[in-house]
Amino acid sequence: MPQAALTFSEDQAEAWDRAADVLASAGVDLHEELLTPRAEAGPGVLAVIGKAGSGKTVLLARLAQELEAIGVDIVSGDWEGRRRRDRRTLAILAPTNKAASVLRGRGVPATTIHRILYTPVYDPEYERIAEWLAGQGDRPEVEGLTDIALDRAYAFYQSHKSIPGALAAAGLRGSDFITGWKRREEPLDIGFVDESSMLDAKQFEDLREIFPTLLLFGDPAQLAPVNTPGGMIFDSLPEGRKVVLHRVHRQAGDNPILDLAHALADPELSFEQFERMVEDAARQDERVIIGQRVESELMARSPVLVWRNATRIRLIHAFRAAYGAPADSLLPGEPLICDGIELPVKHRRKRLDLEARGLIKGAQVVYLGPGRKPGFSQLHVVGAEDPRLSAASIIKIEMPDEEEPFIPFAAGMGATFLHGAAVTIHKAQGSQWPVVQVFAPDLYAAARAGRVESGQPLWKRLAYVAITRAEEQLIWVTRYRLGKPKAALDTSDLAVPAPVLTLEQVEE
């Protein structure tokens, strides 16, 4: 076993061995550090499943690190370069921008499924720069770019391995060097998929067409996708294609948020007993707080998590009222959720462009202001690698007790958005925020309803997903109240780039 695996727990070591066997069948031998040419048919799918804190991300990161060390190229979806017959590749994927950005923040070079399904078409002039940066060509001379600009691009690429980021460092915009997007025509090689509990049947089918070898990493305690009635994708796999991580790896000094999450596995635990556990944790650790009201300032970047749509809509209107938002327009800094793209077939190229840049259904977005054309908006796509864009927008503000939403402004067609100050727990899956507010009255309502999902009370699944969205602090909100903001909405925080880590910096 590679040296990196020596610190694994027993079940992680077993999962490593199972993954290594699958990769060896695909011609990537971790034990012997040997690569053989890719075969058309791979060994198929292996699912590594475990609850929050069981070490799935650590295992994924270590596997990726070992594959890269023996010569497997990591494909980002930004630019692939010339294909070689003997080249072996790995793509690390997540279903949403936010889920991918959570992985990147932990040092794992992840991209979204959409960025792999669609490939960028580069302007030939600027593709010469990409080839040079990737070591596939000589340093080019490009009209309009100085040697200093090329040096900046080179320095950026050495640190971040991002072709679009390097070209941006040279002073270019995405529209300068990417002329469009096309559906991927040729298959790739090995795919790692994090948050695979979120995959629906169509996404899984798309991935199986592209990757002969797939490793799925997922949490069986989360909520199954709404449009997947048979449960999660890995539920349908034969037992021999699944490996379960049982042990929970706690952080130094324990983690009260994970303790609460795993307490929900007790079949005898009632909602009232669980809430007393939350109160006890709050008295002992500042990472858990009992909130007497929803904090409006947190909602601007970290939505309050609810179960019922009616609660979500009322909290959104309370948020907008607290900030004095006008009824007929948005304030810069208001959060949005992409609800899809409404474009006719003849605008397929534009749809691909928006989706490839992160504007997919469920994407979290911040409104920056009106665009240059009527109906267009300047947007920041949270978690996207190139987050700033302008798009024709249809903004829908849902109204309490009314079926039809209010539309403050809209283009004739384009990307549609709902307000994002509050979201359902279902839509929060795959995302994490430093501080998370969970609206407990909704979970109590779910407990009173007595609904069961996959053999477990629904309120427990909801509570598990909701509280494990919190990276650092959990606020358990107990009352229908909203705190007034101390300052106006702002967008200056979005200009600060997130720190870039290396694979070695991933912690359990």
Side-chain angles (χ1 to χ4, degrees), residues 52 94-99 102 195 197-200 219 221-229 231-232 261 264 271 291 294-296 298-320 334-340 360-366 382-383 395-403 405 416-433 435-449 451-454 456-470 474-478 480 482:
T96 66
N97 302 301
K98 194 67 169 67
V102 168
E195 297 288 353
S197 57
M198 298 174 64
L199 288 178
D200 60 31
D219 187 337
Q222 292 201 33
L223 296 157
V226 176
N227 57 347
T228 309
M232 298 172 191
L264 290 161
F271 178 85
V294 176
E295 297 297 335
S296 56
L298 286 175
M299 295 168 71
R301 296 293 178 269
S302 174
V304 59
L305 305 186
V306 304
W307 173 47
R308 298 177 291 192
N309 266 317
T311 306
R312 178 180 63 85
I313 293 169
R314 288 190 172 90
L315 282 170
I316 286 169
H317 280 271
F319 169 86
R320 301 199 79 231
E334 287 198 67
L336 302 172
I337 299 290
C338 181
D339 196 41
I360 56 179
K361 188 166 185 176
Q364 298 169 43
V365 177
V366 178
V382 177
I395 313 294
K396 300 178 181 180
I397 305 295
E398 298 158 288
M399 305 298 292
D401 305 317
E402 294 184 20
E403 290 187 10
T416 62
F417 298 94
L418 304 176
H419 207 278
V423 302
T424 61
I425 295 168
H426 249 111
K427 285 196 173 181
Q429 288 194 126
S431 297
Q432 284 188 303
W433 298 270
V435 181
V436 166
Q437 300 183 91
V438 177
F439 195 68
D442 258 24
L443 297 182
Y444 177 65
R448 291 287 300 273
R451 289 174 54 181
V452 174
E453 184 174 296
S454 300
Q456 187 178 24
L458 176 61
W459 78 264
K460 289 187 176 181
R461 282 190 174 269
L462 291 167
Y464 176 88
V465 173
I467 65 181
T468 53
R469 302 309 93 200
L474 167 69
I475 302 177
W476 186 263
V477 180
T478 59
Y480 284 90
L482 185 76

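FYI, side chains are in, hydrogens and waters are out, and symmetry mates aren't considered; it's all heavy atoms of this structure.
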Given side chains that start at C-beta, do those of [X] and [Y] come closer than 4.5 Å, heavy atoms only?
| X | Y | answer |
| --- | --- | --- |
| Leu264 | Trp459 | yes |
| Val423 | Leu305 | yes |
| Tyr464 | Lys460 | no |
| Arg451 | Pro457 | no |
| Gln429 | Thr96 | no |
| Phe319 | Val304 | no |
| Trp433 | Leu298 | no |

Next on the checklist: The test is side-chain contact (heavy atoms from CB on, under 4.5 Å); show your working for Val366 and Arg301 and say whether it passes.
Outcome noted: CA-CA 8 Å; Val366 178; Arg301 296 293 178 269; 4.0 Å; yes
Over all heavy atoms of both residues, which pair between [X] and [Y] is shortest? Give the atoms and the distance, please.
| X | Y | result |
| --- | --- | --- |
| Ala318 | Leu482 | O-CD2, 3.2 Å |
| Glu195 | Gly430 | CD-CA, 3.7 Å |
| Val436 | Ser302 | CA-OG, 4.2 Å |
| Val382 | Asn97 | O-CB, 3.5 Å |
| His317 | Glu398 | NE2-O, 2.5 Å |
| Val465 | Leu223 | CG2-N, 3.8 Å |

Between [atom1] on residue [X] and [atom2] on residue [Y], distance to nearest 0.5 Å:
| X | Y | atom1 | atom2 | value |
| --- | --- | --- | --- | --- |
| Glu334 | Met299 | CD | CE | 10.5 Å |
| Gln437 | Glu295 | CD | CD | 6.0 Å |
| His426 | Leu462 | NE2 | CG | 7.5 Å |
| Arg308 | Ile425 | CZ | CD1 | 11.0 Å |
| His419 | Lys396 | NE2 | NZ | 15.5 Å |
| Asp442 | Arg312 | CG | CZ | 11.5 Å |

Checklist entry - Hey, does the side chain of Thr478 reach the backbone of Gly291 with a donor-acceptor pair shorter than 3.5 angstrom? => result yes
Checklist entry - Does Lys98 reach the main-chain N or O of Gln432 with its side chain, forming a donor-acceptor pair under 3.5 Å? => result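 Yes, Lys98 side chain to Gln432 backbone: donor-acceptor pair under 3.5 Å.
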Item to check | With Trp476 via ring pair (Phe, Tyr, Trp, His ring centres under 6.0 Å) - residues at least two apart | outcome: Phe274
Checklist entry - Do the ring planes of Tyr480 and Phe439 sit parallel (below 30°), tilted (30 to 60°) or perpendicular (above 60°)? => result perpendicular
Next on the checklist: Quiz question: by atom type and distance under 3.5 Å, do the side chains of Gln364 and Ser431 form a donor-acceptor pair?
Outcome noted: yes
Checklist outcome for this item: In Ile337, Asp339, Thr416, the residue satisfying side chain to side chain contact (heavy atoms under 4.5 Å, CB included) with Lys361 is Asp339
